[in-house]
Protein chains: 2
Amino acid sequence: MRLTTKGRFAVTAMLDLALRQENGPVTLSGVAERQRISLSYLEQLFGKLRRQELVASVRGPGGGYCLARDMSTISVADIIAAVDEPMDATQCGGKENCHDEHRCMTHDLWSSLSQRMFDYLNSVTLHDLMTQQRERTSHRVVLHERDARHAAPDAVEVQF
Amino acid sequence: MRLTTKGRFAVTAMLDLALRQENGPVTLSGVAERQRISLSYLEQLFGKLRRQELVASVRGPGGGYCLARDMSTISVADIIAAVDEPMDATQCGGKENCHDEHRCMTHDLWSSLSQRMFDYLNSVTLHDLMTQQRERTSHRVVLHERDARHAAPDAVEVQF
DNA sequence: ATAAAGTCGACTGAAATGATCGGGAATTGC
DNA sequence: GCAATTCCCGATCATTTCAGTCGACTTTAT
């Protein structure tokens with residue numbers, strides 16, 4: 001499991017989505033502007049996120065992206081795996097770079113290590129990240145209710 | 001904290017070192033041969049490991065590398081940080097890519113996330129890896145005593 | 001002196017990263 | 001129907017990193 005800025009961008013963008021989807025679909029251009037990520041790059045990432053069915057898209061004016069599942073069921077590992085595709089980890093599918101008994105050593109070592117890395121990332125959900133972030137900040141939080149899905153009639157400025 | 005094959009190579013090589021250093025300094029060409037890693041590449045990695053004082057070098061014939069500290073005080077995080085240098089994690093030292101309050105969100109989010117990744121990797125030592133590996137394998141283990149430092153008079157074949 | 005080892009720096013090919021561009025297709029509001 | 005908005009997709013590109021190579025050098029045991 002690689003941990004690169006690519007995955008970071010994806011998680012950041014997904015968090016932005018999570019925080020704003022109550023007002024309906026969120027446009028990529030909005031995410032791009034707020035998070036300072038190139039729009040075209042976001043399009044690439046969200047193409048993958050959509051194919052992994054982490055987000056759903058709505059075309060046309062007023063369209064954008066929504067989370068495809070409840071945010072408590074979307075883990076950081078899901079997001080990173082979606083954009084960082086291979087997630088190979090062991091690097092030697094039984095072929096070269098490994099030989100004799102040494103093969104097993106390296107192989108088992110890394111698969112167990114990356115398994116635990118994965119387990120951790122898999123245990124952190126988008127919902128956790130939101131909650132965690134809101135607890136940490138002392139900024140004004142206009143939108144504070146946790147389960148009020150349709151509580152915002154107009155555009156609500158969420159500061160976080 | 002990045003997790004690449006570079007760091008994997010380094011940890012694999014360090015583990016090889018840990019398993020063989022009782023017979024005196026371990027040559028890089030030996031590590032290269034056993035672990036199938038290019039010698040020149042290993043030289044680069046061990047240059048960094050030496051500058052981070054994780055290993056000590058002995059020049060001349062019969063020379064090689066030894067661990068600079070007890071293997072129970074060398075963590076996987078130490079090794080990866082030594083070769084994967086920046087370990088930046090937040091990617092925005094308060095400069096661009098972050099603005100207004102959004103800056104803090106992304107920043108805190110990733111620093112806390114990568115802090116926990118680091119904590120885990122930092123909790124796994126070379127000694128742990130050796131023990132863990134030996135427990136897992138059912139191969140013959142010639143050198144089995146855990147604290148017998150000078151127990152091997154001759155070249156001892158360690159199978160793992 | 002010679003050979004065995006580490007040390008250092010420059011260089012390289014290949015891949016991944018991060019981004020740009022251009023042209024689509026779907027959908028809404030008019 | 002038409003235009004605007006938005007997602008969709010493919011090609012391309014500059015830069016960085018990865019992984020490895022090469023050559024020259026220093027230290028040291030024999």
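A note on names: the letters A, B, ... follow the listed sequences, proteins ahead of strands, and every chain is numbered from 1.
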Peer 1: Can you find an N or O donor on one side and an acceptor on the other, under 3.5 Å apart, linking the side chain of Gln44(A) with the base of dT20(C)?
Peer 2: yes
Peer 1: Side chain of Phe9(A) only, please: which of dA19(C), dC9(D), dC8(C) is the nearest?
Peer 2: dA19(C)
Peer 1: OP1 or OP2 of dA5(C) versus the side-chain N and O atoms of Ser57(B): is any pair under 4.0 Å?
Peer 2: no
Peer 1: Distance check: side-chain N/O of Arg36(A) vs OP1/OP2 of dA19(C), anything under 4.0 Å?
Peer 2: no
Peer 1: Counting C-beta onward and ignoring hydrogens, is there a side-chain heavy-atom pair between Val26(B) and Arg34(B) closer than 4.5 Å?
Peer 2: yes
Peer 1: Once you measure the plane-to-plane angle for Tyr41(A) and Phe9(A), does it fall in the parallel (<30°), tilted (30-60°) or perpendicular (>60°) bin?
Peer 2: perpendicular
Peer 1: Is a side-chain N or O of Thr131(B) found less than 3.5 angstrom from the main chain of His127(B), in a donor-acceptor match?
Peer 2: yes
Peer 1: Do any N or O atoms of the protein come closer than 3.5 Å to N or O atoms of nucleotides 25-28 of chain D, and which pairs are they?
Peer 2:
| unit_1 | atom_1 | unit_2 | atom_2 | d |
| --- | --- | --- | --- | --- |
| dT27(D) | O4' | Arg59(B) | NH1 | 2.7 |

Peer 1: Closest nucleotide of DNA chain C for Val58(B) versus for Val58(A): which of these residues is on the 5' side?
Peer 2: Val58(B)
Peer 1: Between atom CD1 in Ile80(B) and atom P in dC18(D), what is the gap in whole Å?
Peer 2: 12 Å
Peer 1: Heavy-atom distance under 4.5 Å between the side chains of Asp16(A) and Leu19(A), does that happen here?
Peer 2: no
Peer 1: Take atom CG of Leu45(A) and atom P of dC7(D), then tell me their distance rounded to the nearest Å.
Peer 2: 14 Å
Peer 1: How is Thr27(A) classified with respect to the nucleic acid when contacts are heavy atoms under 4.0 Å: base, sugar-phosphate, or nothing?
Peer 2: sugar-phosphate
Peer 1: Hey, does Tyr65(A) reach any base, or is it just sugar-phosphate, or nothing, if we go heavy atoms under 4.0 Å?
Peer 2: sugar-phosphate
Peer 1: Arg50(B) side chain N/O closer than 4.0 Å to the phosphate oxygens (OP1, OP2) of dC8(C)?
Peer 2: yes
Peer 1: With a non-hydrogen cut-off below 4.0 angstrom, is Val55(B) in contact with a base, only sugar-phosphate, or nothing?
Peer 2: nothing
Peer 1: Take the protein atom CZ of Phe46(A) and the nucleotide atom P of dA19(C), then report the distance between them rounded to whole Å.
Peer 2: 14 Å
Peer 1: Kindly indicate whether the side chain of Met14(A), heavy atoms from C-beta on, has any atom under 4.5 Å from the side chain of Val55(A).
Peer 2: yes
Peer 1: Do the ring centers of Tyr120(A) and Tyr120(B) come within less than 6.0 Å of each other?
Peer 2: no
Peer 1: Rounded to the nearest angstrom, tell me the gap between atom NZ in Lys48(A) and atom P in dC8(D).
Peer 2: 15 Å
Peer 1: Under 3.5 Å, is there a donor-acceptor pair linking the side chains of Ser75(B) and Asp78(B)?
Peer 2: yes
Peer 1: Considering every strand and a 4.0 Å limit on heavy-atom distances, what is the contact class for Leu28(A): base, sugar-phosphate, or nothing?
Peer 2: sugar-phosphate
Peer 1: Without decimals, in angstroms, what is the distance between Asp84(A) CG and dT17(C) C1'?
Peer 2: 10 Å
Peer 1: OP1 or OP2 of dT6(D) less than 4.0 angstrom from a side-chain nitrogen or oxygen of Ser29(A), does that happen here?
Peer 2: no
Peer 1: To the nearest Å, how far apart are Glu43(B) CD and dT21(D) C1'?
Peer 2: 11 Å
Peer 1: Write down the distance between CG (Leu49(A)) and P (dC7(D)), rounded to a whole number of angstrom.
Peer 2: 13 Å
Peer 1: Between Asp128(A) and Thr125(A), does any side-chain donor sit less than 3.5 Å from a side-chain acceptor?
Peer 2: yes
Peer 1: What integer distance in Å separates Tyr41(B):OH from dC18(D):P?
Peer 2: 7 Å
